Amino acid sequence: MKIRITRYLRIERRGELGLMGRILMKILAILLALLFSAMIFAISGVDPWYAYTLIFVKSFTYSGLTEIATKLIPILLCTVGLTVAFKAGVWNIGAEGQLLLGAIGATWIALFVDVYDQLRLPLAILVGMVSGASWGLIPVILKVRLNVNEVVSTLMMNYIASGIVDYLVYGPWKGAREWGFPYTDKFPDTAWLPLIPGTRIHWPTLLLSVLSSILVYILLSRTALGFEIKVCGQGKRVADYLGIPYGSRLIIAMIISGGLAGLAGVGEVCGVHRRLRYASSISSGYGYTAIISAWLSGLNPIGSIPSSFFLAFLLTGRDIIQVSLGLPFATSNIFNGSILISILIVEVLGRYRIRWGRWTI
Amino acid sequence: MKLHVKMLALALACLIVGGVVGYVIGSTIGVVPMVEYERIKSAYDDLSAKYNRLISDYNNVIAELNALKKPLKVGFIYVGPVLDYGWTRAHDDARKYLEQIFPWIKTIAVESVLEADCPRVIDRLILDEKCDVVFTTSFGFMDATYEAGVKYPDKIFFHCSGYRRRANVGTYFAEFYQLYYLNGLIAGALTKTNKIGYVAAHPIPEVVRHINAFALGVKEVNPEAKVDVRWLFEWYNPSKAREAAEALISWGADVLAFTEDSPTVVEVCEEYTTKRGKPVYSFAHYSPMLKFGPNSCVSGQLVHWEVIYADILSKIRAGYYTNKNLENVDYWWMLREGAVELGCDYGVPINPKFIPMLKEKYIDHPEFGRISIYDLVMKRLEQMSEDTVVFDPFTGPIYDNKGRLRVEPGRRMTHDELWTIDWFVDNIIAEVPR
């Protein structure tokens with residue numbers, strides 16, 4: 001494929017890179033970004049070498065790693081879910097909303113349903129996943145039946161979900177013991193996800209997230225269903241031609257995607273907050289972060305683990321920049337942003353080659 | 001034999017004489033040194049006790065000197081960006097001021113911290129930066145602060161706007177309701193349409209209390225005027241605030257007050273006053289905003305967090321506050337303590353452009369008789385600034401907007417009632433969202 005930009009500039013597709021090649025490209029991208037951010041640090045009056053030593057040393061201590069792992073959980077769950085949806089050609093921008101619905105479902109079980117104590121947590125997880133999945137079902141059914149563009153509908157559903165959370169915490173679910181503040185009451189102990197002692201890692205969810213990435217990998221690469229989902233990603237006509245039920249495969253992909261995002265929501269309310277709060281504090285945009293993470297991983301469920309880890313590292317590294325280097329929040333945003341954008345640039349340059357010179361056919 | 005006897009006698013005589021002489025000498029010499037010895041010994045004991053005291057004093061002084069040389073490390077955790085023109089900016093200005101006046105403190109500030117990230121940021125401040133004191137400045141940080149107090153019992157924490165305290169966790173708040181009431185007096189006098197708008201961030205007790213205080217002020221000078229409220233459900237969102245302000249103006253409001261962290265409402269009112277030929281007046285919130293509305297911003301609420309911070313930190317420095325005695329330390333400081341100030345800029349209680357207008361407008365007041373609005377505001381300001389606060393806006397009878405008597409005549413609302421308030425007074429036509 002050749003694209004002509006001007007008379008003297010054109011873009012050509014390169015041959016496929018191998019696994020090593022792709023990993024090398026990503027490392028190159030990170031180095032590029034570090035170089036760029038070094039300039040920012042230098043302008044802010046901080047020795048870049050000192051800054052990087054501090055960021056990496058502090059991030060990869062035991063306590064630093066446990067914080068990264070805590071952040072990794074929701075991002076990884078959403079990323080793995082999005083991978084399935086994206087493979088099926090469903091552009092699910094709604095992981096954020098599905099996560100919030102999962103949080104609502106878990107809160108409902110934790111606070112308002114009378115069940116045996118031993119059942120409370122498993123049920124909260126189950127209901128959270130079902131709520132997340134059903135929130136994802138609405139746009140995918142609209143897409144299959146009425147051909148509604150899912151990019152728009154899933155995005156809009158996020159705002160509705162955050163509106164519902166806000167309605168609940170300001171309204172019917174406002175805690176009796178919270179002095180009128182927009183929080184539900186604290187969950188009973190039986191609805192708390194256990195933590196690894198001395199850390200904030202809710203390990204059952206961590207385990208489930210890693211497990212889900214392995215299972216989804218097997219699903220996509222070893223099963224007929226996974227194959228069919230990937231075929232649907234090539235378009236409806238391809239699926240029809242091969243006799244694959246397009247609509248039902250898309251719905252299955254979205255159920256998996258929404259369910260995993262819902263599980264991420266359960267982890268946040270039962271493992272981190274232990275109550276429902278207003279939407280913007282329940283999820284700090286994990287559903288959107290996961291979109292970047294999914295693309296970084298090249299839509300590979302196993303690759304999701306390092307890519308989610310990397311994004312979690314960026315999110316926690318942010319407070320090292322502020323706390324230990326004394327730089328403002330904006331600097332940490334520039335650092336994160338420049339890393340992501342250079343990865344995207346290198347990604348494109350890895351696939352395409354820019355040619356200069358007079359254009360001849 | 002004879003020699004023997006002689007020798008024996010001589011020996012005996014020597015023995016007797018020696019014994020007597022020895023006794024005499026012995027008794028003379030023996031007694032005198034004993035007394036001397038006792039005297040010297042007691043003098044020695046006195047001196048050594050004095051010496052020990054001096055040494056320990058000296059050591060204490062050295063320790064104190066070392067403590068003075070080691071700065072007190074203070075961490076601040078903010079919920080918003082430091083340039084928000086509101087809440088976080090006010091805390092950060094206080095922090096910078098403290099660094100100037102107290103050479104013995106060293107501060108670290110972390111901005112834009114999400115509630116879920118607060119525990120991690122506290123860990124980093126304590127473990128990596130060895131902070132001695134941490135201030136957390138958002139209601140949402142309350143649980144994290146309390147739990148950090150349990151986790152680090154030898155450190156001191158102060159949480160702003162919460163109520164959970166323990167031996168090493170205190171709470172503090174600079175309360176504005178008296179100022180909102182004073183702003184309400186002015187608003188009630190300025191409105192021509194008898195419609196007054198209020199742009200509010202979150203429907204939490206603090207904001208509900210401020211809206212009520214404002215409406216009580218309005219009612220005192222203008223019982224006809226009604227107050228309507230638009231909620232943003234966000235602390236900082238200038239575009240939403242603009243939308244809310246314009247909606248209230250198109251409803252007919254010609255005076256706006258607000259609780260959110262940007263100067264947007266003041267800017268919108270200035271725009272209407274100077275460019276669209278429709279005067280709409282406003283009251284600044286939290287920071288001096290006169291420069292955003294020189295022709296329309298009448299008064300407002302200013303905070304002096306540094307007054308509270310300086311009090312807390314100097315008491316920690318003096319050893320008066322420790323990690324053992326903060327259980328009941330709760331600052332709820334207002335005009336009397338100088339933690340808040342009336343005005344849209346420091347030292348400007350009322351924008352001079354509006355003073356003649358307020359001095360010319362008179363009302364018949366049940367307490368003061370015929371009085372100008374300007375004098376009424378100043379009178380109330382004085383009453384609430386005195387050591388014994390003789391006036392409180394939340395004094396009964398107060399009815400809510402459903403017609404229920406909430407505060408009996410003559411009774412003042414208590415701290416806990418104000419802290420949990422979730423209803424509107426009777427001249428507010430909006431509802432508290434549920």
Side-chain angles (χ1 to χ4, degrees), chain A residues 54 57-58 61 63-64 66-68 70-71 74 162-163 165-174 177-183 186 198-200 268-269 271-275 277-286 315-316 318-333, chain B residues 75 77-83 88 92 106-129 131 138-144 147 151 161-164 202-209 231 233-235 237 416 419-423 432-434:
Chain A
L54 212 62
V57 167
K58 282 193 193 288
T61 56
S63 68
T66 64
E67 296 299 350
I68 294 179
T70 313
K71 279 265 177 204
S162 95
V165 171
D166 286 349
Y167 163 74
L168 289 171
V169 296
Y170 280 106
W173 286 5
K174 182 149 75 176
R177 297 185 294 275
E178 300 302 326
W179 298 65
F181 283 88
Y183 306 128
K186 225 169 192 169
T199 74
R200 280 182 266 279
E268 290 308 289
V269 289
V272 178
H273 302 271
R274 283 144 182 200
R275 60 158 51 112
R277 310 171 175 223
Y278 46 86
S280 55
S281 67
I282 284 292
S283 167
S284 39
Y286 296 130
L315 287 177
T316 55
R318 183 181 271 183
D319 42 62
I320 299 171
I321 295 177
Q322 277 205 71
V323 174
S324 300
L325 296 173
L327 295 175
F329 183 69
T331 317
S332 57
N333 265 355
Chain B
I77 301 182
Y78 304 139
V79 68
V82 292
L83 295 176
T88 298
D92 202 55
K106 206 173 166 313
T107 65
I108 300 171
V110 192
E111 60 176 334
S112 299
V113 174
L114 295 161
E115 289 176 11
D117 291 340
C118 183
R120 194 180 72 233
V121 174
I122 294 181
D123 282 355
R124 291 216 195 270
L125 284 173
I126 299 278
L127 299 175
D128 292 355
E129 299 304 315
C131 282
S138 176
F139 181 81
F141 297 156
M142 180 169 68
D143 288 348
E147 276 148 28
K151 192 170 167 188
S161 81
Y163 52 84
R164 291 187 76 188
H202 285 282
I204 58 172
E206 176 197 336
V207 179
V208 172
R209 180 169 70 235
W231 299 101
F233 295 99
E234 256 173 293
W235 285 113
N237 188 335
D416 284 6
W419 196 255
T420 54
I421 192 164
D422 63 348
W423 44 268
V432 181
R434 286 171 203 284

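So that the names make sense, note that chain A is the first sequence line, chain B the second, and so on, each numbered from 1. From a predicted model like this one, the values you see are computed outputs, not experimental measurements.
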Flag the pair B/M142 / A/Y183 as yes when at least one side-chain heavy-atom distance between them is below 4.5 Å, and no otherwise.
no
When the 4.5 angstrom heavy-atom criterion is applied to B/P433 and chain A, the contacting part is backbone
**Request:** Would you please classify the geometry between the A/Y170 ring and the B/F233 ring as parallel, tilted or perpendicular, with 30° and 60° separating the classes?
**Result:** perpendicular
Do A/T316 and B/R124 come within less than 4.5 Å of each other through their side chains, counting heavy atoms only? yes
Heavy atoms of B/D123 and A/E67 approach each other most closely as OD2-OE2, 4.1 Å
Minimal heavy-atom distance between A/V323 and B/I108, with the atoms involved, is O-CG2, 3.7 Å
If only atom types and distance count, is the side chain of B/E111 paired as donor or acceptor with the main-chain N or O of A/F329 below 3.5 Å? yes
Minimal heavy-atom distance between A/S280 and B/L114, with the atoms involved, is O-CD2, 4.5 Å
The reported gap from CG in B/D128 to CG in A/D319 (rounded to nearest 0.5 angstrom) is 9.5 Å
Is any NZ, NE, NH1 or NH2 atom of the basic residue among B/D422 and A/K174 found under 4.0 Å from an Asp or Glu carboxylate oxygen of the other? no
From the list B/V82, B/D416, B/D117, the residue making the most non-hydrogen contacts under 4.5 Å with chain A is B/D117
The interface call for A/I282 against chain B, heavy-atom contacts under 4.5 Å, is neither
Cut-off 4.5 Å, heavy atoms of chain B, and the answer for A/R200 is side chain
What one should report as the nearest heavy-atom pair of A/R277 and B/G140 is NH1-O, 3.5 Å
Note to self: I'd like to know if A/K186 and B/E147 make a salt bridge, using a cut-off of under 4.0 Å between side-chain N and carboxylate O.
What the structure shows: yes
Residue from A/G64, A/S324, A/A330, A/G326 scoring the most non-hydrogen pairs under 4.5 Å with chain B is A/S324
Minimal heavy-atom distance between B/A116 and A/S281, with the atoms involved, is CB-O, 4.4 Å
So, the part of B/A144 with a heavy atom under 4.5 Å from chain A: the answer is neither
Identify whether the distance between the nearest side-chain nitrogen and carboxylate oxygen of B/D143 and A/R275 falls below 4.0 Å.
yes
